[in-house]
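Numbers for residues simply follow the sequence, beginning at 1.
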Amino acid sequence: MIVVVNGTRREIDRGATLLGLLEGLGINPDTVVVERNQEIVPSVAFAAVVLNEGDHLEVLRFVGGG
């Protein structure tokens, strides 16, 4: 099935979780904020969120600096 991550269509397995997607993309889930269909997903819920066809995800990383 297809989801959109930061504007890019990605094919994932049916039943995939948000945590699995992040790990598959090589993203440390402790360092990002994720918006799913325009709602922030609490990081404690990443493993429980099963993605659906057509979900739109925005993965935002914290960047330090001044």
Heavy-atom closest pair (Arg36 atom, Val50 atom, distance to 0.1 Å) is NH2-O, 3.1 Å
Apart from Val4 itself, members of its ILVMFWY cluster (side-chain separation under 4.5 Å) are none
Besides Leu57, the hydrophobic cluster formed by Ile, Leu, Val, Met, Phe, Trp and Tyr side chains linked at under 4.5 Å, directly or via other members, contains Met1, Val3, Val5, Ile12, Leu18, Leu19, Leu21, Leu22, Leu25, Ile27, Val32, Val34, Val41, Phe46, Val49, Leu51, Val59
The reported gap from CG in Asn6 to NE2 in His56 (rounded to nearest 0.5 angstrom) is 12.0 Å
Is the CD atom of Glu39 crowded by more than 12 outside heavy atoms at less than 6.0 Å? no
Sorted by chain and number, sequence neighbours left out, side-chain contact (heavy atoms from CB on, under 4.5 Å) with Asn28 holds for Asp30, Thr31
*asked:* Does any part of the side chain of Gln38, heavy atoms only, come nearer than 4.5 Å to the side chain of Glu58, both counted from C-beta?
replied: no
